[in-house]
Amino acid sequence: MAQEQFDVLVVGSGPGGATAAYHLARHGVNVGLVEKSSFPREKVCGDGLTPRAVKALEDMGIDTADPGFVRVDGLRVYGRRAKLDLPWPALSDWPGYGLVRTRHDFDELLATHAVKAGATLWERAEATAPVMDRGWIAGATVRRLEEEEPPAEEVRARFVIAADGASSRFAGQARVRRDPSRPLGIAARRYYRMARPQIPMLEAWLDLWEGDSIMPGYGWVFPLHGDVVNVGAGLLNTFKGFRDMSARGVFDIFVRMLPEEWGIAEDTATGPIKSGPLPMGFNRRPLAQPGMLVIGDAAGLVNPFNGEGISYAMETGKLAAELVYEALAAGKPGLAHLYPTLVRERYGKYFFMGNTFVKLIGDPRVMRFATDHGLHREWLMRFAMRVLANLSDGAKGDLRDRLFYAMERVAPAA
């Protein structure tokens, strides 16, 4: 492995890294994909895939009718005053359905797809630090973790894509830092066997209550195969009591809210509670360093409105791959470094609206007003669903889409 040469080295083989490796490999680029763990492996996630993620899967040529996926036709929203079923909007730019699949095998599916396209995958191999060459990130030092005392060896590459998730240790070694002015969430999830029959919907509680106190977060129950569900909850750091609340604490509050007859209890759990951070709305910067692009959670590209990260990881993985391929094909390395500009053009205004939204709902008075006066109004929630899930046909769409488009147009970029 010493001095092994790649055109591109991708650090991290989650959805973003595997997507980037696939799109590079299909162009014939010699790409290495480094994964610290081995497949299959767990990840803290809600496991839900919105139509944006379905579109990214279609772009990879993955069969979304595969029996490993559970199809969901929309969102069921619960509030104190109402319960609404909101089907995914019928749009020309996005599929009309979502999916659920555990990260335990979803990530392996994507990584295997990248390997079939020609990528080289190293499992149990940790990229510990960038290799620098005259100010350019020219690879990484990599340790093979199956060895008792693994030596760190240089692996050279013309470009590096950092896709090492929310912890982002490798990107951190390259001076990518968290922006404390941008929102951060925490979330926890656990798998249960549920007594109530499954429904083909993502179920979400947009108001979490502890007694008479409301918190800016949400809970979810997402269907998996058989009677198994993914149950989870998240909280935003815009909440005034955020420092006194853990992800486990929010999770416990939410589980106590669920109907007792559903059987979500300790004796129906199929595994432990797992938790992690959600870096949102351009939470990390810079998005690129000379020779390296940062994608997905490592770049803080989680949707502030709903905590969704998979689709943005896959979309930025594809964008980074296309730019790097063009840079390699043209022999112009600078082309790849259009990436931060293009990412901000694509998401900047939307993330500004999301960042503003989470600051507002951090005030319990605003959150209470919104839930008391909004959650039971179907026309409003249908529009809100498009905004929260970032699903629209833009200016060519219907009235809701055009309103959403106008809101983005007047917003500054995050």
Side-chain angles (χ1 to χ4, degrees), residues 14-27 45-75 86-103 105-107 109-114 116-117 161 163 200-202 222 295-297 299 301-323 325 339 342-351 354 382 385-398 400-401 404-405 408:
T19 301
Y22 166 79
H23 286 290
L24 287 162
R26 73 181 179 86
H27 284 305
C45 187
D47 300 330
L49 304 170
T50 70
R52 290 191 76 97
V54 175
K55 176 66 165 56
L57 289 170
E58 292 177 347
D59 290 346
M60 292 179 68
I62 288 177
D63 180 11
T64 58
D66 182 291
F69 291 108
V70 174
R71 176 171 169 142
V72 287
D73 297 323
L75 183 68
L86 305 170
W88 298 115
L91 303 170
S92 60
D93 290 346
W94 304 101
Y97 64 98
L99 301 166
V100 185
R101 187 164 185 161
T102 67
R103 294 287 298 276
D105 65 323
F106 178 70
D107 289 16
L109 171 72
L110 299 190
T112 300
H113 200 66
K116 289 178 179 178
I161 294 177
M201 306 285 279
L202 300 178
F222 292 170
I295 66 174
D297 286 13
L301 295 174
V302 173
N303 184 341
F305 282 109
N306 66 2
E308 177 188 5
I310 291 177
S311 62
Y312 298 93
M314 296 180 72
E315 289 173 11
T316 54
K318 181 182 180 183
L319 175 62
E322 298 292 347
L323 287 171
Y325 167 68
Y339 172 77
L342 295 181
V343 169
R344 292 187 182 280
E345 286 179 354
R346 181 178 294 187
Y347 304 120
K349 290 176 174 289
Y350 178 76
F351 278 5
R382 285 182 178 273
M385 181 186 187
R386 298 191 190 201
V387 176
L388 268 61
N390 199 7
L391 296 172
S392 169
D393 283 335
K396 66 180 185 293
D398 62 14
R400 293 186 183 95
D401 287 346
F404 184 7
Y405 176 76
E408 280 194 286

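Since the model is a prediction, treat every value here as computed from it, not as a measurement.
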First locate atom [atom1] of [X], then atom [atom2] of [Y], and finally report the distance between them rounded to the nearest 0.5 Å.
| X | Y | atom1 | atom2 | result |
| --- | --- | --- | --- | --- |
| Trp88 | Met201 | CH2 | CE | 8.5 Å |
| Leu388 | Leu75 | CG | CG | 9.0 Å |
| Leu49 | Thr64 | CG | OG1 | 10.0 Å |
| Ile62 | Phe106 | CD1 | CZ | 6.5 Å |
| Lys349 | Glu408 | NZ | CD | 8.5 Å |
| Leu109 | Arg101 | CG | CZ | 5.0 Å |

Full working for side-chain contact (heavy atoms from CB on, under 4.5 Å) between Lys396 and Ser92: CA-CA 10 Å; Lys396 66 180 185 293; Ser92 60; 3.8 Å; yes
Flag side-chain contact, heavy atom, 4.5 Å: Glu315 against Leu319: no
Contact check, side chains of Pro87 and Arg382, non-hydrogen atoms, under 4.5 Å: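 Of all side-chain heavy-atom pairs linking Arg382 with Pro87, at least one is under 4.5 Å.
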Can you name the closest pair of heavy atoms from [X] and [Y] and give their distance?
| X | Y | result |
| --- | --- | --- |
| Ile295 | Ala20 | CD1-CB, 4.4 Å |
| Gly394 | Asp401 | O-CB, 3.5 Å |
| Ala389 | Arg52 | O-CD, 3.7 Å |
| Asp63 | Phe69 | O-CE1, 3.7 Å |
| Ala321 | Leu24 | O-CD2, 3.5 Å |
| Ala114 | Ala18 | CB-O, 3.6 Å |

Between the main-chain N or O of [Y] and the side-chain N or O of [X], is there a donor-acceptor pair closer than 3.5 Å?
| X | Y | value |
| --- | --- | --- |
| Tyr339 | Leu323 | no |
| Asp47 | Arg103 | yes |
| Trp94 | Val54 | no |
| Arg400 | Arg386 | no |
| Thr316 | Gly296 | yes |
| Asp393 | Asp398 | no |

Worked verdict on Asp297 versus Val302 for side-chain contact (heavy atoms from CB on, under 4.5 Å): CA-CA 6 Å; Asp297 286 13; Val302 173; 3.3 Å; yes
Pi-cation contact, Tyr97 with Arg71 (under 6.0 Å, within 45°):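 Cation-pi check for Arg71 and Tyr97: passes.
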Pair Asp93 + Lys55: basic N to acidic O under 4.0 Å: no
Candidate pair Met314 and Asp59, rule side-chain contact (heavy atoms from CB on, under 4.5 Å), full reasoning: CA-CA 10 Å; Met314 296 180 72; Asp59 290 346; over 6 Å; no
Tyr22/Leu110 under side-chain contact (heavy atoms from CB on, under 4.5 Å): CA gap, chis, key distance, verdict: CA-CA 8 Å; Tyr22 166 79; Leu110 299 190; over 6 Å; no
Tyr312: partners by ring pair (Phe, Tyr, Trp, His ring centres under 6.0 Å), with sequence neighbours left out: Tyr347, Phe351
